[in-house]
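We name chains A, B, ... by the order of the sequence lines, and we start the count at 1 in each one. Quick note: numbers below take in every heavy atom, side chains included, and nothing from hydrogens, waters or symmetry partners.
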Amino acid sequence: MPKLTKGNSMFGAGASPGIMSCIAGRLLCDTFLCSRDLLKEVSYSLTQLAKNQLHKDRKEIAPQDIPSMFQKLESLIELIECAQQDAWLSLELMFHLSVIPLTHQLTKLSGNLWGKTLQGARAQRVEYLLLHAFHEQKYINPDKTSAHANEAKDQRLPKRRIDAGSADRNAEEFGGDDAKLETDHVKGKKGPAYAGGLVLEPKRGLYDKYILLLDFNSLYPSIIQEYNICFTTVEKTTDGSIPHLPSFKEIGVLPKLLRDLVERRKRVKQMMKNAPRIKLQQHDIHQQALKLTANSMYGCLGFSNSRFYAKPLAELITLQGREILQRTVDLVQNNLNLEVIYGDTDSIMIHTGLDDIEKAKSIAVKVTQEVNKKYQCLVIDLDGLYKRMLLLKKKKYAAIKVQFRNDIPYEVIERKGLDMVRRDWSLISKEIGDFCLNQILSGGSCDDVVESIHGALVKVREEMKNGEIQLEKYVITKTLTKQPEAYPDGKNQPHVQVALRMKQNGSCTGFSPGDTIPYVICCEQGTSSAGSSGMAQRARHPDELKDNGKWIIDIDYYLSQQIHPVVSRLCASIQGTSPERLADCLGLDSTKFQRRPNYAADVDHSSLLLGSVDDCERYEGCEPLVISCPSCSSSFDCPVVVTSFCGSTDDETVSPAREKPERNFWQSLRCPRCPIDGDMGRVSPAMIANQVKRQADHFLSLYYRNTMTCDDETCNYTTRGLNLRASGDFERGSVCPNYPHCNGHLLKKYTEADLYKQLSYFCHVLDTEKCLQKLNMEASARMSLETSLSRIRPVVQMAASVVSKMRDRCAFGWINLSDLVVAV
DNA sequence: CTGGTAGGGGAAGCAT
DNA sequence: ATGCTTCCCCTAC
């Protein structure tokens with residue numbers, strides 16, 4: 001008799017070989033596994049799936065109640081009906097997900113076993129696809145080697161750095177890599193084997209002008225075709241370095257395969273346009289299958305256990321991907337003068353600064369045309385128009401997306417990576433987060449938004465304290481990735497603790513990798529929020545609370561660890577509130593949330609050090625920013641951006657300067673001394689950035705030269721300091737070495753304050769953002785100024801960021817040094 | 001045995 | 001106490 005135990009549900013079918021042998025010749029469709037593959041849900045229990053996917057209720061029966069249900073006829077019939085309903089629900093789910101037609105298509109494309117496709121073996125599908133393709137071309141296919149052999153092959157070659165960007169790393173890093181590799185091997189865990197996609201540093205903040213989301217259609221398959229990347233075309237390297245792009249003219253097997261898939265998909269999509277309704281879904285599934293197959297090829301090249309494992313090819317593909325994205329960013333910023341605020345692997349987001357959706361669209365058309373000119377296969381496309389967007393971090397943002405149905409626009413909120421899209425946060429923190437996000441994106445005034453968020457926090461705290469929140473809202477869900485017993489530090493993991501205890505006290509038969517465990521964080525009744533033990537020890541299954549009064553929800557944990565961080569992150573770039581203030585609303589000790597000084601962050605040092613004095617006074621003694629013309633090589637003082645666009649605010653004070661032709665520089669972006677027509681005297685963003693950088697470097701070196709001069713005017717003694725900040729006394733000025741002939745003290749000729757002031761002045765000249773916060777003006781004038789500034793922003797962005805980085809780096813260094821002095 | 005890498009963020013343990 | 005590293009989980013692409 002075969003062993004009919006449940007199989008490892010993390011992989012393969014939910015059935016052991018024993019069960020499989022009992023159903024030999026039949027296909028097994030495990031709707032649990034299919035759902036996990038095809039859907040994104042917090043929980044994959046039949047109850048949840050039935051509710052969310054089929055909109056049907058399922059009656060749950062606890063395992064321990066089943067024996068008693070056999071005792072009475074009515075309850076036995078109820079049990080039978082429930083079992084029957086479960087079977088129907090599973091079947092309905094299968095049809096709902098179109099599992100059979102989809103896996104059928106996938107199998108037909110790849111030529112593998114349907115049963116395997118149903119098990120989700122994606123690597124095997126690609127393997128068979130390639131086996132057939134190469135066999136057809138009379139190639140001898142590679143033998144299947146073990147993962148171990150593949151990894152060993154990797155290790156014989158010198159290991160490359162993960163970041164392929166710069167090769168200038170020291171030997172220590174290589175050693176570190178190897179050590180890491182060793183531990184990975186022992187633990188059976190793999191770190192990344194090669195570098196992947198490029199993620200741009202986001203320009204964080206809340207945007208309320210249209211943002212364009214452009215992305216390359218299936219980037220990696222397109223790269224393979226664009227550059228003819230294949231086993232048959234790419235020259236192998238012997239030193240483990242990334243191979244060069246092939247110059248081979250004849251199309252490789254991989255690119256041809258992909259081209260066929262793409263063309264077939266195009267044909268199917270064409271057929272869909274005038275297909276009868278009954279055929280429509282069939283075509284759609286066919287089309288999906290073609291896309292899925294094309295997209296999964298790259299992954300298998302990088303999969304170390306694949307028969308067609310080819311790390312060099314995978315590396316080459318991702319390298320091209322990074323370069324393509326970077327080239328696109330450069331083109332958009334430097335040639336099209338648009339501001340790129342973020343990008344991830346195959347996409348860029350462009351801040352248009354426009355309120356007009358049609359104009360924004362026309363920019364998108366222009367950009368896509370320019371980018372697409374450069375490639376044969378690669379196509380960039382407009383993927384989204386965002387009316388407003390909150391950009392928090394890499395891979396974390398939300399936006400109001402404008403979509404069209406029959407040319408009628410409607411808005412949907414898109415949320416990526418934020419806490420509320422993750423299953424490992426409690427429903428209550430997701431709800432609060434959603435509320436805050438909606439407020440932030442509502443377009444209401446800053447005051448209103450902040451007020452409503454504060455109000456909501458106060459309210460939810462009240463409700464929690466009064467026990468008005470349902471238990472379900474506190475539930476956090478996490479997935480087991482190993483057997484619960486297999487965790488080395490299981491005692492620190494709440495979901496592991498819960499799983500182990502549930503198995504121990506017999507509430508269930510046990511858990512497997514892949515199971516999702518719900519839990520709530522509790523504290524013992526009576527012991528207040530002390531948090532005496534680790535939080536993993538205080539995790540309980542929700543059912544454990546229902547019939548046991550000993551453990552109650554740890555409200556303080558939820559306020560401080562679930563709600564506060566979520567809201568606090570969302571509000572990071574919202575003015576008028578702060579983590580402390582938010583903590584206050586939640587009744588937490590706000591001193592614990594005080595932002596520790598982080599001088600590298602966006603603190604405005606100029607106002608810290610110099611107070612709020614008028615700009616004229618503040619930058620007194622600073623050298624002007626000089627721009628020299630590329631054509632006539634004359635130079636002129638660069639005017640302050642913001643004053644160029646709001647002449648009305650301080651007309652009188654600057655009226656003499658207004659006569660100067662340079663005043664118009666930012667409007668025209670041309671040398672004021674060159675002829676007005678023609679291409680003479682045009683100044684590009686890169687040129688501005690270079691010139692600013694050079695001048696900033698000049699002041700930096702002036703500072704580092706550390707010239708000391710005697711404060712006695714008659715002495716004129718000048719020397720160079722021995723080192724920077726040698727001592728506190730030296731700092732304040734030591735006695736002139738010319739003593740006793742002179743009674744003066746040595747002073748620094750160019751102090752850090754001077755340098756700081758100078759760099760801040762450059763920042764001020766190029767500033768298009770902070771100035772808006774400081775100005776008090778009426779709405780209409782403000783709007784026109786904002787428009788002007790957002791137009792000029794892409795032009796000065798590069799220069800501004802260069803100089804502000806220099807300034808912040810300096811400030812960072814000084815503060816560290818002065819801390820050191822105090823400590824000694 | 002059962003595609004990839006990049007990256008954020010929680011929690012604990014460790015060295016300082 | 002505090003920064004750093006490690007593990008874990010989940011997500012974006």
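At the phosphate of B:dA6, neither OP1 nor OP2 sits under 4.0 Å from any side-chain N or O atom of A:Tyr194. OP1 and OP2 of C:dA12 both lie 4.0 Å or more from every side-chain N or O belonging to A:Lys416. In this structure, A:Arg569 reaches the B:dG10 phosphate: one of its side-chain N or O atoms is under 4.0 Å from OP1 or OP2. Between A:Thr479 and C:dC9 there is no side-chain polar atom (N or O) within less than 4.0 angstrom of OP1 or OP2. Regarding contacts with the backbone of C:dT11, every side-chain N or O of A:Arg422 stays at 4.0 angstrom or more from both OP1 and OP2. Of the side-chain N and O atoms in A:Thr345, none sit less than 4.0 angstrom from OP1 or OP2 of C:dA12. Side-chain N/O atoms of A:Lys393 include one lying less than 4.0 angstrom from OP1 or OP2 on B:dG9. Between A:Tyr397 and C:dC13, a side-chain N or O to OP1/OP2 separation shorter than 4.0 Å is present.
Every residue meeting the salt bridge (charged side-chain N to carboxylate O under 4.0 Å, His left out) condition with A:Glu485, not counting sequence neighbours, appears here in chain and number order: A:Lys503. Looking at residues two or more places apart in sequence or on another chain, you find a side-chain contact (heavy atoms from CB on, under 4.5 Å) between A:Asp381 and A:Asn217. For A:Ser573, the side-chain contact (heavy atoms from CB on, under 4.5 Å) partners are A:Leu390, not counting sequence neighbours. For A:Lys473, the salt bridge (charged side-chain N to carboxylate O under 4.0 Å, His left out) partners two or more places apart in sequence, or in a different chain, are A:Glu431.
Across all strands, A:Tyr487 comes closer than 4.0 Å only to sugar-phosphate atoms, never to a base (heavy-atom distances). Backbone-only contact: A:Gly302 has heavy atoms under 4.0 Å from sugar-phosphate atoms and none from a base. Residue contacts shown for A:Tyr342 are absent, as no nucleic acid heavy atom lies under 4.0 Å away.
The stretch residues 121-128 of chain A touches DNA chain B through A:Arg122, A:Ala123, each having a heavy atom within less than 4.0 Å of the strand. Near DNA chain C, defined here as any heavy-atom distance below 4.0 Å, the residues from residues 488-498 of chain A are A:Pro488, A:Gln493, A:His495, listed numerically.
Note: CG (A:Leu418) to P (C:dC10) measures 17 Å, nearest angstrom. We find that NZ of A:Lys396 is positioned 11 Å from C1' of C:dC9, with the value rounded to whole Å. Between A:Asn295 atom CG and B:dG4 atom C1' there is a gap of 12 Å when expressed in whole angstrom units. Rounded to whole Å, atom C1' of B:dG9 lies 15 Å from atom CE of A:Met420. When rounded to the nearest whole Å, the span between CG of A:Asn112 and P of B:dC1 equals 21 Å.
The closest side-chain heavy-atom distance from A:Glu201 to A:Lys394 is below 4.5 Å. Taking the side chain as every heavy atom from C-beta outward, A:Tyr558 and A:Ser429 never approach each other to under 4.5 Å. Side-chain contact between A:Leu106 and A:Trp114 is absent, with no heavy-atom pair separated by less than 4.5 Å. Side-chain contact between A:Arg125 and A:Ser296: present, with at least one pair of heavy atoms (C-beta onward) separated by less than 4.5 Å.
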Practice problem: Take A:Leu254 and A:Ile229 through the side chain to side chain contact (heavy atoms under 4.5 Å, CB included) test and state the conclusion after the steps. | Solution: CA-CA 7 Å; A:Leu254 251 50; A:Ile229 293 172; 5.7 Å; no

Quiz prompt | Verdict with reasoning, A:Tyr207 to A:Tyr386, per ring-ring contact (aromatic ring centres under 6.0 Å, His included) | solution = CA-CA 9 Å; A:Tyr207 295 84; A:Tyr386 294 156; over 10 Å; no

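In this structure, the nucleotide among B:dA11, C:dA12, B:dA6 sitting nearest to the side chain of A:Lys40 is C:dA12. Nearest to the side chain of A:Asn305, among B:dG7, B:dG3, B:dC1, sits B:dC1.
Heavy-atom distances to DNA chain B give each of A:Leu198 and A:Met297 a nearest nucleotide, and the one nearer the 5′ end belongs to A:Met297. Both A:Cys300 and A:Glu201 lie close to DNA chain B; mapped to their nearest nucleotides by heavy-atom distance, the more 5′-ward contact belongs to A:Cys300.
Rounded to whole Å, the separation between the C1' atoms of C:dC13 and B:dG3 comes to 14 Å.
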